[in-house]
Amino acid sequence: MEFSNSKLLSCNVNTIVCKIFILLLAIFLLRTLFLSPLPGFHWFQQKRVYWIPDNSSSVLQHEIRRDKFLEVPQIIWGLNNQKIAFARACLTARLLNRTLLMPSLSASLIYKEIDLLKPISFDKVFNFERFNSLCNGFVRLGRYSDLHNETKPFELRKGSGRKWTKERDLNQLYQCKEGAIDKFEVIKVDGKHPFLWHDHWPIMNYARIFECLTLVDEIEADVSAVIARIKAVGAEGRSKGSDFGKNPIMPFSSQNYVTYMAIHMRIEKDWMLHCKNLEQRSNIHQICSSKKEIMERVANITNQTFPIVVYLAVADSLLEDDSIVSGWREGLLPFEKKRLGVWNIYSKHPYLVQSAIDYEVCLRAEVFVGNSFSTFSSLIVLHRTQILLKMGVRSICGDSNFSSYAYNILGDFGAPKKWMTDMSASSLQTISYGTNYVSCHV
Ligand SMILES: *[C@@H]1O[C@H](CO)[C@@H](O)[C@H](O)[C@H]1NC(C)=O
Ligand SMILES: *[C@@H]1O[C@H](CO)[C@@H](O)[C@H](O)[C@H]1NC(C)=O
Ligand SMILES: *[C@@H]1O[C@H](CO)[C@@H](O)[C@H](O)[C@H]1NC(C)=O
Ligand SMILES: *[C@@H]1O[C@H](CO)[C@@H](O)[C@H](O)[C@H]1NC(C)=O
Ligand SMILES: *[C@@H]1O[C@H](CO)[C@@H](O)[C@H](O)[C@H]1NC(C)=O
Ligand SMILES: *[C@@H]1O[C@H](CO)[C@@H](O)[C@H](O)[C@H]1NC(C)=O
């Protein structure tokens with residue numbers, strides 16, 4: 001690589017070979033520039049779908065320094081915000097070639113009063129050793145006990161306000177890589193929560209980190225218990241057969257293959273207010289979906305094995321609402337935590353962990369239906385897209401038994417739109433703030 005580079009630089013522009021070479025290079029660049037961004041262009045479409053994540057980072061295996069650290073403020077808000085903030089902190093540490101000191105997460109969602117932010121150690125939720133082993137060579141987490149405390153931390157104040165541009169932010173980070181600051185054992189970032197930092201990284205870098213986040217054994221056991229219960233209810237529904245639906249579409253030979261659908265239904269009052277506001281501000285009319293609309297669209301998802309259990313991931317405020325499980329089409333067996341009899345598994349945990357369990361239950365469902373303006377749904381679809389790519393599935397938007405849909409966008413045949421994440425995006429913007437571009441055209 002270096003060899004050909006230096007050759008190129010010393011290339012004498014007057015020679016004919018060189019001219020031809022530069023001409024070809026220019027043609028290639030123009031082609032890439034002008035052909036790629038056309039959304040309806042078929043071959044590009046195919047190319048993106050076939051595109052497999054680059055594994056070069058683990059091939060190169062640049063070790064992250066173990067004697068230099070980055071410390072970040074406590075990570076707050078919802079599970080999704082916390083995951084994104086954590087990944088951004090990791091990527092900042094990677095840019096500085098430093099180990100990230102294991103940050104505190106927040107167990108509760110109450111964020112208006114700072115003293116109510118119950119800190120919870122990262123390793124109470126996610127497996128610390130597994131994280132470092134899966135993300136080895138990419139990013140690294142460290143413990144406070146690893147510090148030698150040779151120097152006082154360097155306090156880095158992140159700028160804010162409109163004048164603090166992305167470029168200035170990046171410049172500040174690069175300055176931290178220079179001798180004067182780099183010699184500090186710890187760089188301690190002050191102020192804003194990492195979710196609000198500028199985003200300098202492509203989606204693939206985030207995906208690489210999310211993949212390394214696995215739950216600690218104790219919580220994983222609870223996830224398995226919830227899924228086992230969903231499957232048991234599904235098997236029961238299936239053996240009762242036509243009691244549940246007069247048109248059991250698939251033969252009962254597939255009785256052992258019990259799968260479930262998960263729907264992340266955002267219909268609680270807070271969300272409805274928020275999404276109506278968002279619709280007005282952004283002038284997009286595909287953000288809010290009523291319960292009725294969700295039910296109608298889900299009913300039109302074809303090629304589903306009926307009857308099928310539907311796990312409804314809903315806000316706690318809706319658990320007492322009977323109407324949430326009525327009105328679904330025949331063959332869909334809707335349950336939420338309470339009716340499933342797993343509320344006791346959830347209720348022993350704080351908010352953050354309950355949310356992390358729901359995330360896994362939705363992640364592992366055969367069919368997932370969510371809202372493309374929800375960060376929670378978007379992170380699940382990102383993860384599911386990555387799983388499919390790793391499995392070598394070629395056309396994620398086509399037929400597959402691990403598909404995702406956005407119920408807030410109407411697709412073909414009155415069904416919700418098939419949804420996959422555009423893994424070539426250059427930032428996490430669409431995932432953090434929602435989008436009605438869901439990549440699939442079917
Ligand atoms: C990357 O490649 C290495 C071998 O070079 C392999 O062991 C590893 O599993 C791959 N990682 C991913 C995330 O695919
Ligand atoms: C970090 O620094 C070490 C030691 O200086 C170096 O070997 C490694 O390549 C660097 N890693 C990255 C990701 O830049
Ligand atoms: C350095 O300080 C941290 C607390 O700030 C402490 O946990 C750690 O044990 C100290 N390390 C050493 C080597 O004294
Ligand atoms: C339904 O699934 C089968 C395979 O399971 C596939 O061959 C067929 O094309 C699918 N049809 C639709 C409409 O998705
Ligand atoms: C899809 O279904 C096939 C069998 O029908 C199964 O082997 C495969 O594991 C399933 N894939 C997923 C992602 O569930
Ligand atoms: C979608 O489902 C509804 C019933 O829930 C039905 O009335 C409608 O015709 C379906 N739409 C299409 C295009 O199949």
Side-chain angles (χ1 to χ4, degrees), residues 1-3 5-6 53-76 85-106 114 117-157 166-167 169-191 193-194 197-213 426-428:
M1 198 59 192
E2 252 161 39
F3 177 69
N5 262 345
S6 55
D54 185 355
N55 191 5
S56 55
S57 52
S58 40
V59 174
L60 294 175
Q61 289 290 348
H62 277 303
E63 267 304 316
I64 300 291
R65 290 179 300 178
R66 290 160 182 250
D67 55 345
K68 301 285 181 192
F69 301 88
L70 179 74
E71 186 177 349
V72 301
Q74 181 181 349
I75 282 174
I76 55 175
F86 170 77
R88 193 159 290 152
C90 284
L91 292 169
T92 304
R94 173 177 157 81
L95 191 146
L96 301 174
N97 196 349
R98 285 171 177 264
T99 294
L100 178 69
L101 282 170
M102 194 168 67
S104 267
L105 305 177
S106 306
I114 290 295
L117 284 175
K118 285 193 224 121
I120 182 171
S121 174
F122 174 90
D123 62 356
K124 288 272 181 303
V125 183
F126 299 107
N127 189 320
F128 176 89
E129 280 77 24
R130 193 119 197 277
F131 180 88
N132 273 341
S133 126
L134 289 173
C135 261
N136 182 29
F138 191 63
V139 295
R140 195 169 172 278
L141 272 185
R143 297 182 186 274
Y144 281 79
S145 55
D146 299 338
L147 296 177
H148 292 112
N149 302 325
E150 277 154 5
T151 53
K152 276 179 64 182
F154 175 82
E155 304 229 344
L156 178 68
R157 192 144 255 295
K166 206 169 157 174
E167 290 68 35
D169 190 73
L170 198 58
N171 272 341
Q172 185 188 44
L173 291 178
Y174 279 118
Q175 272 164 25
C176 294
K177 285 170 78 83
E178 282 161 18
I181 300 176
D182 191 58
K183 68 172 193 284
F184 283 89
E185 184 186 19
V186 178
I187 293 181
K188 179 176 177 179
V189 185
D190 242 9
H193 166 42
W197 295 357
H198 280 287
D199 182 7
H200 304 296
W201 299 276
I203 220 165
M204 271 310 297
N205 285 11
Y206 286 94
R208 177 86 176 79
I209 289 169
F210 295 143
E211 251 187 333
C212 307
L213 289 172
S426 62
S427 79
L428 205 66

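Being a predicted model, the structure only gives us computed values, none of them experimental. In this chain, numbering begins with 1 at the start of the sequence shown. Order of listing sets the numbers, starting from 1, for every ligand and every atom in it.
Distances from atom 10 (C) of ligand 3 to the protein include at least one heavy-atom value under 4.0 Å. Counting only heavy atoms, the protein never gets under 4.0 Å from atom 5 (O) of ligand 3.
Looking at ligand 3, you won't find any N or O of H148 less than 3.5 Å from one of its N or O atoms. Between E63 and ligand 2, an N or O atom pair is found at a separation short of 3.5 Å.
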Before giving the answer on side chain to side chain contact (heavy atoms under 4.5 Å, CB included), spell out for D67 and E185 the whole-Å C-alpha distance, their side-chain angles and the decisive distance to 0.1 Å. CA-CA 7 Å; D67 55 345; E185 184 186 19; over 6 Å; no
Before giving the answer on side chain to side chain contact (heavy atoms under 4.5 Å, CB included), spell out for L156 and Q172 the whole-Å C-alpha distance, their side-chain angles and the decisive distance to 0.1 Å. CA-CA 9 Å; L156 178 68; Q172 185 188 44; 3.5 Å; yes
Would V139 and L100 count as a side chain to side chain contact (heavy atoms under 4.5 Å, CB included) if you check the C-alpha gap in whole Å, the side-chain angles of each, and the deciding distance to 0.1 Å? CA-CA 8 Å; V139 295; L100 178 69; over 6 Å; no
Between R88 and W201, is the side chain to side chain contact (heavy atoms under 4.5 Å, CB included) condition met? List the steps. CA-CA 8 Å; R88 193 159 290 152; W201 299 276; 3.9 Å; yes
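The nearest heavy-atom contact from the protein to atom 13 (C) of ligand 2 is H62 CB, 3.4 Å. Protein heavy atom closest to atom 2 (O) of ligand 3, with residue, atom name and distance, is N149 ND2, 2.5 Å. Residue, atom and distance of the protein heavy atom nearest to atom 7 (O) of ligand 3 are Y144 O, 4.0 Å. In this structure, the protein non-hydrogen atom closest to atom 3 (C) of ligand 2 is N97 ND2, 3.6 Å.
Annotation: Y174, atom OH; neighbour count of heavy atoms from other residues, nucleotides and ligands within 6.0 Å does not exceed 12.
Taken to the nearest 0.5 Å, the CZ atom of R143 stands 10.0 Å off from the CZ atom of F122.
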